[in-house]
Amino acid sequence: MTVRMFMGDARVDAIAPDDRGLAYGESLFETMRIHRGDIPWWDAHMARLTHGTQRLAMPLPDATRMYAEAMALLNGADGVLKLQLTRGGGVRGYAANSDAAPFWMLSMHPLPNRIDSVDTIWCEITLASQPRLAGLKHGNRLEQILAANEVRAANADEGLMCDGAGRVIAATSANFFALIDGHWQTPVLDACGVAGVMREWVLAQVDAHVTSLKPSDVECADAVFLCNAVRGILPVQRLGARAWPRTHPEIRALQAALAQSHPGFEPLLEAS
């Protein structure tokens, strides 16, 4: 893993011991798929990061500087770029230091192993409701960590998570869409969950209903897929005892459109 770290405009060699992201999870992050040293959806990720800093009243480093440092780090490679942003340092205690310089870190990672469909389970851990944080990709991911442990124990690829009211929200690291009665549907994220960049792209391509879904709704669907900005669009082949064909014409059409929008996902199209 190759890493560059910054405090405000200055490059640093380590994260400060009083960093609020480390101490309290006061942070945001973006995970981006890189194609031949380019970041095709940089603008979309920056728009979400900007929205997150506004919601949390966190300072945002200069986007031009972040982009220049990211491009220097990539050096023409394929892979995954992670951008982490925290409020920076501060005194002990929950109240934020408003004049602290933000800490940000860029790290380059290899692409995950390619898979063409996923076997999923229902996770027992539920997502807590907090409308003030709903949709944000913040650094508090303990619920997803517990859910991912369930997925690993079940020898599955992913897990679907509900909130405390029994509404289906998302997979542990992806959004999802279900084809129900001829219409794509995806969960409303008004109380919890992450509003993914890939989810927003899909919503711009299809006339999907953003609504509340129960587990029984998903299990009766004609097709289901997961999506995120690293793996793209992945059909769900199995959810517990329910199985679907590996491919579906409407999912294949979306994968083809995605390959046109982001060239990094062409291998997923060829393998489907």
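All of these numbers come straight from a predicted model, not from anything done at the bench. Excluded from the calculations below are hydrogen atoms, water molecules and symmetry mates; all remaining heavy atoms, backbone and side chain alike, are included.
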Can you label the angle between the His209 ring and the His183 ring as parallel, tilted or perpendicular, going by 30° and 60°?
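The rings of His209 and His183 lie parallel, inter-plane angle below 30°.
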
Counting the benzene-type ring for Trp, do Trp41 and His262 have ring centres under 6.0 Å apart?
yes

Output, in order, the C-alpha distance, side-chain angles, deciding distance and verdict of side-chain contact (heavy atoms from CB on, under 4.5 Å) for Gln255 and Phe225.
CA-CA 11 Å; Gln255 289 175 318; Phe225 68 82; over 6 Å; no

For [X], is the [atom1] atom crowded, meaning more than 12 foreign heavy atoms sit under 6.0 Å from it?
X      : atom1 : answer
Glu124 : CD    : no
Arg246 : CZ    : no
Arg132 : CZ    : no

Quick check on the hydrophobic clustering: are Ile169 and Phe176 connected, directly or via other members, by side-chain heavy-atom contacts under 4.5 Å?
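The answer is no; the residues belong to distinct hydrophobic clusters.
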
Can you list, by chain and residue number, the hydrophobic cluster partners of Leu136 when the side-chain cut-off is 4.5 Å?
Phe6, Leu28, Met32, Ile34, Ile39, Trp42, Met46, Leu49, Leu56, Met58, Leu60, Met66, Tyr67, Met71, Leu73, Leu74, Leu81, Leu83, Leu85, Trp104, Leu106, Met108, Leu133

Carboxylate-amine/guanidinium contact Asp13 Arg4, below 4.0 Å
no

Charged N to carboxylate O under 4.0 angstrom, Glu30 versus Arg48?
yes

Contacts of type side chain to side chain donor-acceptor pair (under 3.5 Å), residue Gln185, not counting sequence neighbours
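Not a single residue meets the side chain to side chain donor-acceptor pair (under 3.5 Å) criterion with Gln185.
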
What residues, two or more places apart in sequence or in another chain, satisfy side chain to side chain contact (heavy atoms under 4.5 Å, CB included) together with Ala221?
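Residues passing side chain to side chain contact (heavy atoms under 4.5 Å, CB included) with Ala221: Ala178, Ile180, Val224.
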
Are the side chain of Asp217 and the backbone N or O of Lys214 linked by a donor-acceptor pair below 3.5 Å?
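Side chain of Asp217 to backbone of Lys214: a pair is present.
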
